[in-house]
Protein chains: 2
Amino acid sequence: MAQSSRKINMADVARAAGVSMATASRALNNDYGVAEATRRRVLAVAEELSYVVSPEASRLAGGATGRVAVVVPHISRWFFATLLEGLESVLRAADLDVLLYHVDGIEDRHDFFHRLPARRKVDAVVVLAFPVGEEEQRRLELMGVTIVAAGGQHAPYPNVCIDDETAARQAMDHLLFLGHRRIAMIAAVDPDQPDEVQPSGRSNAYYAALRDAGIPVDEQLVETVNWGGTKGADAMAKLLSLREPPTAVYAHSDEVALGAVRTLRRAGLRIPEDVSVIGIDDHPVAELTDLTTVRQPVREQGELAGRMLLRILRGEETEHDVVVPTQLVIRGSTAPPRS
Amino acid sequence: MAQSSRKINMADVARAAGVSMATASRALNNDYGVAEATRRRVLAVAEELSYVVSPEASRLAGGATGRVAVVVPHISRWFFATLLEGLESVLRAADLDVLLYHVDGIEDRHDFFHRLPARRKVDAVVVLAFPVGEEEQRRLELMGVTIVAAGGQHAPYPNVCIDDETAARQAMDHLLFLGHRRIAMIAAVDPDQPDEVQPSGRSNAYYAALRDAGIPVDEQLVETVNWGGTKGADAMAKLLSLREPPTAVYAHSDEVALGAVRTLRRAGLRIPEDVSVIGIDDHPVAELTDLTTVRQPVREQGELAGRMLLRILRGEETEHDVVVPTQLVIRGSTAPPRS
DNA sequence: GACTGTTTCGGAAGCGTTTCCGTTGCCGAA
DNA sequence: TTCGGCAACGGAAACGCTTCCGAAACAGTC
């Protein structure tokens with residue numbers, strides 16, 4: 001019997017399970033009003049026939065799409081990719097499909113927010129690792145879908161993130177505790193994000209820590225660069241050209257810190273004997289390069305956001321803001337200052 | 001007249017333009033068989049009513065889904081994420097949506113090919129950065145959609161990749177040229193991939209290069225580890241415990257190479273004076289750590305795969321296999337052996 | 001035993017397109 | 001004048017689901 005190969009639909013499943021389409025639909029969607037035995041039978045048949053509902057038809061008829069959009073910048077960078085990885089894993093476990101929207105640069109970003117609302121392609125959107133501007137918020141509202149954020153800072157949506165200020169403070173306090181008083185900061189800004197939404201907790205903490213330690217701020221010790229390691233290297237070079245260079249460097253991220261390390265090494269300086277370096281994130285290469293840093297649980301943030309979304313989608317209550325803890329990881333790039 | 005606010009559909013447009021739905025549809029889709037004047041009228045009306053076709057309905061009725069599935073392991077690793085980034089950018093520019101399927105581990109992988117969660121949801125699937133087993137190929141066929149591969153090795157589908165053997169050979173030849181004769185290899189295997197599909201070009205080249213140089217193989221100098229940097233560190237430790245340690249180390253990837261570097265540094269050895277280290281990939285951190293390596297254009301591979309797919313989807317001819325070139329990047333981790 | 005309430009389930013009406021088949025109208029050729 | 005051919009267009013059947021509404025079955029209550 002070489003028939004088949006025809007595309008099977010819900011009617012086939014219903015027939016095979018000996019129920020009506022209505023019941024089949026309810027069973028497949030885990031809807032209310034289906035006897036447990038019936039549901040199981042339908043599910044079994046569906047599995048057997050390796051049937052999947054057509055999202056188009058489902059959506060057309062008024063159901064959910066089973067899709068969620070994930071908006072994320074800079075996928076190729078560890079932090080963002082890892083966040084995505086965590087999120088994807090829980091979403092997919094829940095049988096939701098992930099629509100990936102990579103937005104690098106203001107332009108992309110604008111484009112995304114401008115056109116997504118037109119098409120109702122998803123049940124929800126997750127904004128990963130960047131703050132959402134006001135205009136953009138308005139566009140999102142317009143879609144009328146669930147929204148969740150993660151990895152960025154305080155968002156107007158259910159959100160999971162770290163406390164940047166605390167994390168930064170942990171780094172600074174470690175340096176201070178070691179006895180450093182001349183501490184430089186290499187701040188990183190994302191050139192692809194509008195200035196107004198740049199989170200600044202990591203900078204604030206620098207000043208706060210210094211103030212609390214009674215150390216006057218020397219603005220020469222503060223460098224601001226675009227994200228990315230090579231920029232960190234340049235900044236370090238500038239710092240080394242000061243009459244009185246720092247004994248320790250606090251970088252906004254491990255990548256930037258690594259850039260600084262390169263410059264220091266090339267200058268023949270030893271780490272940590274001559275200069276201490278600390279980063280934030282606990283990027284995998286931090287472990288490989290013996291870099292002291294402040295760890296943030298990245299994958300977990302993605303996972304938590306995913307679970308949060310699931311709960312909301314199910315109509316359950318959920319906390320609005322989740323802040324995950326960070327932790328100082330001491331490796332070989334920090335030590336007390338010489339003398 | 002506060003009527004309206006009802007969602008307008010193609011029927012409304014057709015009516016307003018004084019044509020049938022059939023004609024409206026054809027006009028909107030730029031199909032054949034519509035008088036120019038009519039088409040313009042329909043388009044004008046649609047614009048006026050700010051009407052957009054419902055993608056769901058459109059697809060239900062027989063159009064393409066406008067989506068493509070991307071299957072990729074280890075997103076959080078630079079190589080995979082970058083490939084994805086390149087692919088996504090061209091796909092999205094072509095107005096295709098990307099459905100992300102992350103498969104880490106045999107299990108995930110099996111699950112994906114077994115359940116084929118993407119079936120009926122996409123027009124094509126792109127397999128990123130891993131070889132597809134025979135059984136898996138059979139499952140994929142089952143979806144009856146276009147398939148393209150990238151970043152893995154020789155695939156039975158249209159494919160873009162580097163020539164692993166050539167790349168590895170470039171690394172080895174560099175070491176050989178510098179005068180090294182005692183060269184170790186730290187080979188990396190992916191524990192998440194079935195053995196049968198592990199590409200081995202990077203290993204083959206080691207033996208071939210040695211043979212061509214007339215250097216006998218010392219199996220003690222070959223270490224095989226799982227992907228990931230810390231494993232590279234362990235392997236290096238083993239290598240250093242040999243009676244006659246290598247003067248140079250060729251690692252299958254930059255990450256593994258970095259692991260080796262850490263061990264060497266901890267042992268107080270200088271790079272490259274005491275030991276040379278070379279990797280493959282040109283991972284961003286290679287630049288930050290002054291690591292000599294063989295660059296492969298990763299983002300481009302993703303982009304090329306995307307364009308290839310686009311061409312196929314449009315029914316155009318396209319080359320079946322694209323091999324992109326690799327290139328030696330000399331930095332500070334390699335030098336002639338001492339004395 | 002009649003009645004009410006609760007589950008479980010089926011019929012069938014959409015949802016908004018595309019596309020298969022025709023039909024109509026017009027032009028030039030015979 | 002008739003007719004074949006062709007471009008332009010219309011009717012209506014899918015497409016595959018969700019959900020409203022009502023029927024049936026059954027349990028519990030007085």
Length of the [atom1]-[atom2] vector between [X] and [N], whole Å:
{"X": "B:Asn30", "N": "C:dT17", "atom1": "CG", "atom2": "C1'", "result": "17 Å"}
{"X": "B:Arg15", "N": "C:dG16", "atom1": "CZ", "atom2": "C1'", "result": "13 Å"}
{"X": "B:Arg26", "N": "D:dG10", "atom1": "CZ", "atom2": "P", "result": "8 Å"}
{"X": "B:Asp31", "N": "C:dC20", "atom1": "CG", "atom2": "P", "result": "10 Å"}
{"X": "B:Leu28", "N": "C:dT17", "atom1": "CG", "atom2": "C1'", "result": "10 Å"}

Please check the phosphate of D:dG10 (OP1 and OP2 only) for any side-chain N or O of B:Ser20 closer than 4.0 Å.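 Result: yes.
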Please tell me if A:Thr38 has a side-chain N or O lying less than 4.0 Å from either OP1 or OP2 of C:dT8.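 It does not, given that no N or O in the side chain of A:Thr38 lies less than 4.0 Å from OP1 or OP2 of C:dT8.
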Looking at A:Glu136 and A:Arg139, is there a salt bridge between them, counting it only when a charged N and a carboxylate O are closer than 4.0 Å?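 The answer is no: the pair does not qualify as a salt bridge.
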Ion pair present between B:Arg67 and A:Glu56, side-chain N to carboxylate O less than 4.0 angstrom?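 Result for this pair is yes, salt bridge flagged.
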Between B:His74 and B:Asp104, does any side-chain donor sit less than 3.5 Å from a side-chain acceptor?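 Yes.
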Going by atom types only, do A:Ser54 and A:Arg59 share a side-chain donor-acceptor pair under 3.5 Å?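 No, no side-chain donor-acceptor pair sits under 3.5 Å.
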Can you confirm whether more than 12 heavy atoms, excluding those of A:Glu316, are under 6.0 Å from its CD atom?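 It does: A:Glu316 CD has more than 12 such atoms within range.
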Considering only C:dG10, D:dC9, D:dA12, which nucleotide approaches the side chain of B:Ala22 most closely?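 Looking only at side-chain atoms, B:Ala22 lies closest to D:dA12.
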Could I get a table of every N or O pair under 3.5 Å where one atom is in the protein and the other is in nucleotides 14-17 of chain D?
unit_1	atom_1	unit_2	atom_2	d
D:dC15	O2	B:Leu60	O	3.4
D:dC15	O2	B:Ala61	N	3.4
D:dG16	N2	A:Ala57	O	3.4
D:dC17	OP1	A:Tyr51	OH	2.1
D:dC17	OP1	A:Ser54	N	3.3
D:dC17	OP2	A:Met10	N	2.3
D:dC17	OP2	A:Tyr51	OH	3.4

Closest-nucleotide mapping onto DNA chain C: is A:Val19 or A:Tyr32 further toward the 5' terminus? I mean the 5' end.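 The residue whose closest nucleotide sits nearer the 5' end is A:Tyr32.
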Set of ring pair (Phe, Tyr, Trp, His ring centres under 6.0 Å) partners for B:Phe112, sequence neighbours left out: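 Only B:Tyr101 meet the ring pair (Phe, Tyr, Trp, His ring centres under 6.0 Å) criterion with B:Phe112.
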